[in-house]
Amino acid sequence: MSAPAPSTLAIVDAEPLPRQEEVLTDAALAFVAELHRRFTPRRDELLARRAERRAEIARTSTLDFLPETAAVRADDAWKVAPAPAALQDRRVEITGPTDRKMTINALNSGAKVWLADFEDASAPTWENVVLGQLNLTSAYTRTIDFTDERTGKSYALRPDEELATVVMRPRGWHLDERHLQVDGRPVPGALVDFGLYFFHNAQRLLDLGKGPYFYLPKTESHLEARLWNEVFVFAQDYVGIPQGTVRATVLIETITAAYEMEEILYELREHASGLNAGRWDYLFSIVKNFRDGGAKFVLPDRNAVTMTAPFMRAYTELLVRTCHKRGAHAIGGMAAFIPSRRDAEVNKVAFEKVRADKDREAGDGFDGSWVAHPDLVPIAMESFDKVLGDRPHQKDRLREDVDVKAADLIAIDSLDAKPTYAGLVNAVQVGIRYIEAWLRGLGAVAIFNLMEDAATAEISRSQIWQWINAEVVLDNDEQVTADLARKVAAEELANIRAEIGDEAFAAGNWQQAHDLLLTVSLDEDYADFLTLPAYEQLEG
């Protein structure tokens, strides 16, 4: 008796989009379905392992480097594969979603790399998921353009040699794509984003002298990196391109991954090109994992936790040392400032902060860094040019002076700062404003002259939760309680209504965003990711 034919992938509850047939071809969907069948079971096991590890952290209130992988760390012989030519120089990278205007502007920005984001800077509406793929393919075939209906301004690509190299970021392992299902089961968003992009563009990118390059988000262990490596090996064989063509840069944006940097590079060594050090997701992960660890793990206002905080210095310096020891690029964090067209003084102060931040990263040995706006590209470029000169990177700077102990990474109480009432208000303000935009399908949102993404909302709601549960007393002698959070949220909602007017308020998702922020901030059961309950409310 012959084996039954494999189940096909179904498109569920999705409004047809213009030109979606160019993305959702039968062959591409068959590839995504095969990725799902092969790798989703292991994905599910690893998500369960996350919960087990979190329970262990709750029990012990500590973390350490893994004894079972000590031999990997001790072996000085192994290195990651050499970077391809297109990824040798990464001194400035711009980030942003894959809408048409951003695609053109990012590629034209003068940055060396564009992080084309299907993750935190993109709300996963069906339109964003599918048309984002179409925009990238259209960019590679130079068939993309954009005209702003409001201003009449037209945008077009510069010559190929002036365009940034694309490094695409799929969704994290925890998120599903409800519109694509196999046997009634949603396919992981990571496999949808990776699969569609890789299938359509891997060979095309090779023909252009580049390749399929990826940023891997929300990784929590080397075992999750191993799963990605298995995906890469299978995918390269499936489409018939050489092993090692894929290159992956892993975001070290969880506290558990910070203890496994070398192991993560080792698992991906034939496909690894670097690690990245972020801030908001990393702080969110610390709060999430140590949220019941008592006063010593309470973070102050998020804006008081800069990259110069002792435990953040330990994290970034360990990352540079680890990457350079293994021949990988070390990529620094985000300059999120959005220049004001009206206030030159605001710009002057912010530009100086950005310059100081990028000078510090270049001086510490990073090979590149992130910006959120094209106007910041020249500032970051100048910082790295001063250190690198004509060299593409500084991987020869081994930082053997760095000696980070396990306890240094979680020495939260080494920071001389406390939570404030203004910090609570800011967390509520940013949380409501970001969630409202996310529910409208926007993942990258300008709020108070900063480009915010989902990580901002995650740290905001996590701090509210932590401060309530740790019974924090603020600088005005008020204790943070659920009632105080509700009061501040109600005041913010009223302020927004007064600011934008009744008509615009009614047309938005403001009450819904307010309610969702309070739900994830006040519920006794802490939601692992804000985007999980938010996705249930996302239309499209």
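Start at 1 with the first residue, then count along the sequence.
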S.K.: Can you run down the salt bridge (Lys or Arg N to Asp or Glu O under 4.0 Å) pairs that involve residues 145-156, sequence neighbours left out, and say none if there aren't any?
M.R.: R100-D145, K101-D148
S.K.: Using residues 331-342 as the side-chain source, report each donor-acceptor pair under 3.5 Å to any protein atom, sequence neighbours left out, with the distance given to one decimal.
M.R.:
| unit_1 | atom_1 | unit_2 | atom_2 | d |
| --- | --- | --- | --- | --- |
| S340 | OG | R342 | N | 3.0 |
| S340 | OG | D343 | N | 3.0 |
| R341 | NH1 | D375 | OD2 | 3.2 |

S.K.: According to side-chain hydrogen bond (donor to acceptor under 3.5 Å, both in side chains), who are the partners of T141, at least two apart in sequence or on a separate chain?
M.R.: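 With neighbours one apart ignored, the set is T143.
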S.K.: Could you list the residues that satisfy salt bridge (Lys or Arg N to Asp or Glu O under 4.0 Å) with E45, not counting sequence neighbours?
M.R.: R42
S.K.: List for me each residue that meets ring-ring contact (aromatic ring centres under 6.0 Å, His included) alongside Y140, sequence neighbours excluded, and say none if there are none.
M.R.: none
S.K.: Could I get the full list of salt bridge (Lys or Arg N to Asp or Glu O under 4.0 Å) partners for E499, not counting sequence neighbours?
M.R.: R433
S.K.: Who passes ring-ring contact (aromatic ring centres under 6.0 Å, His included) against H393, sequence neighbours left out?
M.R.: H329
S.K.: Only counting residues at least two apart or in another chain, list the ones meeting side-chain contact (heavy atoms from CB on, under 4.5 Å) with P84.
M.R.: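 With neighbours one apart ignored, the set is L87, Y213, R247.
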S.K.: Applying salt bridge (Lys or Arg N to Asp or Glu O under 4.0 Å), name anything that partners R204, two or more places apart in sequence or on another chain.
M.R.: none
S.K.: Which residues pass the side-chain contact (heavy atoms from CB on, under 4.5 Å) test with N426, sequence neighbours left out?
M.R.: R302, N303, Q429, V430, F448
S.K.: For L175, check side-chain contact (heavy atoms from CB on, under 4.5 Å) against everything at least two apart and list the hits.
M.R.: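 Checked L175 against side-chain contact (heavy atoms from CB on, under 4.5 Å); matches are R171, T531, L532.
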S.K.: How would you list, by chain and number, every residue that makes a side-chain contact (heavy atoms from CB on, under 4.5 Å) with E220, sequence neighbours excluded?
M.R.: R50, E224, T254, T256, K288, F529
